[in-house]
There are 2 protein chains.
Amino acid sequence: MDDGANPIAPAEGGPLRIEATTGITGYRLRRAQLAVFQRFLAVFDSVTLRPAEYSVLVLIADNPGRKQTEIAEVLGIKRANFVTLVHGLENRDLVERLPLASDRRANALHLTQTGAAFLARIRLMHEGMEEDVVRRLGGPDARDQLFALLDRLT
Amino acid sequence: MDDGANPIAPAEGGPLRIEATTGITGYRLRRAQLAVFQRFLAVFDSVTLRPAEYSVLVLIADNPGRKQTEIAEVLGIKRANFVTLVHGLENRDLVERLPLASDRRANALHLTQTGAAFLARIRLMHEGMEEDVVRRLGGPDARDQLFALLDRLT
DNA sequence: TATTGTTATACTCTATAACTATA
DNA sequence: TATAGTTATAGAGTATAACAATA
């Protein structure tokens with residue numbers, strides 16, 4: 001009846017079987033994204049900038065004078081939450097919100113001179129990060145391949 | 001001196017330039033991961049299960065009797081936060097925490113009969129999701145390629 | 001009526017410190 | 001002394017509702 005094993009607490013000691021978990025695409029994507037973001041956070045910690053803030057600065061630089069709503073929507077950020085983010089960048093004198101003649105409800109977003117200089121500097125830091133990513137992936141072709149695969153999921 | 005353009009508020013109206021943003025690997029990974037998780041949440045909404053909870057059930061099924069800490073660590077969940085997650089599954093009678101003879105500090109995690117039956121059912125739902133993902137990616141080879149690329153980033 | 005920016009609020013996820021009981 | 005589970009708590013990120021000014 002009882003072969004000697006404890007039916008209540010098997011509890012081996014070896015490594016865990018994780019095959020079923022690592023077969024989950026969402027799980028793999030999350031781990032990879034977290035790994036890349038961790039490195040971003042580590043690199044950008046010295047300039048106190050989060051990934052979303054970096055994207056905002058880049059978007060404003062490439063699209064000066066756009067409304068908050070437009071920038072927020074492209075990044076999938078709710079306009080209510082975008083307010084705090086922009087205020088943070090404004091308080092650091094990186095971004096300014098100017099009145100828009102064509103629509104007095106809206107704020108036109110621009111980089112300040114300080115913001116433009118700051119972005120030029122951190123863009124170099126980011127390029128270094130991306131080069132590292134491409135190196136890890138196995139070259140530019142592998143990066144393009146990854147982007148193509150990721151696009152099919154969105 | 002003034003050519004008629006408003007220097008304060010250019011504010012075009014066309015689409016935004018987003019090339020610099022979409023060139024960011026972390027950004028692409030985040031968008032793809034969110035898209036996949038959104039679909040997971042939509043599908044699993046009917047059974048009130050979050051992605052992390054699904055992973056926990058799968059891991060316990062494949063590794064019955066392991067300590068909470070072991071399961072949590074594999075998933076990158078802090079043991080403090082794992083307590084609430086496990087209690088939730090225990091309150092739904094999906095998981096039970098049994099005493100461990102070899103270490104009376106620890107809880108050995110097991111699926112209940114209800115939990116095993118529940119997992120068998122939602123595993124089918126998840127397999128359907130994964131098949132859809134593979135289809136979108138372009139087949140099993142494309143999926144394997146994606147996993148290989150993601151692994152190089154972790 | 002609808003939209004822009006805003007405030008307030010709440011819920012999830014994540015992170016740390018400190019406690020207890022065991023080891 | 002270190003570890004397993006726990007509690008409390010705080011910080012991000014994200015979601016909705018409601019308001020004033022303007023369209």
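Fair warning: this is a prediction, and the values are worked out from it, not measured in the lab. So you know, we letter chains A, B, ... as the sequences are listed, proteins then strands, and number each from 1.
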Mind telling me whether B:F40 and B:F44 have parallel, tilted or perpendicular rings, with 30° and 60° as the class edges?
-> parallel
Mark yes or no for whether B:E73, through its side chain, and B:E70, through its backbone, hold a donor-acceptor pair below 3.5 Å.
-> no
Record whether the side chain of A:R104 comes under 3.5 Å of the base of D:dT22 through a donor-acceptor pair of N or O atoms.
-> no
Indicate yes or no for a side-chain donor-acceptor contact from B:R31 to the backbone of A:L75 under 3.5 Å, with no hydrogens or angles considered.
-> yes
Base, sugar-phosphate alone, or nothing: which one does B:N81 contact when heavy atoms must sit under 4.0 Å apart?
-> base
B:L109 backbone acceptor or donor facing B:Q68 side chain under 3.5 Å | no
Thinking salt bridges, do A:R92 and A:E90 make one under a 4.0 Å N-O criterion?
-> no
Within residues 30-41 of chain A, residues whose heavy atoms come under 4.0 Å of DNA chain D | none
Any donor and acceptor pair, going by atom type alone, linking the side chain of A:N91 with main-chain N or O of A:H87 inside 3.5 Å?
-> yes
d(CG, B:L85; C1', D:dT7) in whole Å | 16 Å
Can you check the B:H87 NE2 to D:dA8 P distance for me, whole Å?
-> 12 Å
NA contact type, A:A52, heavy-atom cut-off 4.0 Å: base, sugar-phosphate, or nothing?
-> nothing
Examine the base of D:dA4 for any acceptor or donor lying under 3.5 Å from a partner atom in the side chain of B:D103, and report the outcome as yes or no.
-> no
Which part of the nucleic acid, if any, lies within reach of B:K78 when heavy atoms closer than 4.0 Å are counted: base, sugar-phosphate only, or nothing?
-> base
Give a yes or no answer on whether the side chain of A:N63 reaches the backbone of A:L59 with a donor-acceptor pair at less than 3.5 Å.
-> yes
Between A:T84 and B:R105, whichever has its closest DNA chain C nucleotide further toward 5' is A:T84
Listing, residues 145-154 of chain A side-chain donor-acceptor contacts under 3.5 Å, not counting sequence neighbours, or none:
{"residue": "A:D151", "atom": "OD1", "partner": "B:R28", "partner atom": "NH2", "Å": "3.3"}
{"residue": "A:D151", "atom": "OD2", "partner": "B:R28", "partner atom": "NH2", "Å": "3.1"}
{"residue": "A:R152", "atom": "NH1", "partner": "B:L137", "partner atom": "O", "Å": "2.4"}
{"residue": "A:T154", "atom": "OG1", "partner": "A:D151", "partner atom": "O", "Å": "2.9"}

Whole angstrom value for the distance that separates C1' of D:dT7 from CG of B:N107 = 15 Å
Output yes when A:D132 and A:R143 qualify as a salt bridge under the 4.0 Å nitrogen-oxygen rule, no when they do not.
-> no
Outermost DNA chain C nucleotides near chain A [under 4.0 Å, heavy atoms] | C:dA2 to C:dT14
Does A:R50 make a side-chain N or O approach to OP1 or OP2 of D:dG13 shorter than 4.0 Å?
-> yes
Gap between atoms CZ and P, on A:F82 and D:dT16 respectively (whole Å) = 18 Å
Just checking B:R79: base, sugar-phosphate only, or nothing, at a heavy-atom cut-off of under 4.0 Å?
-> base
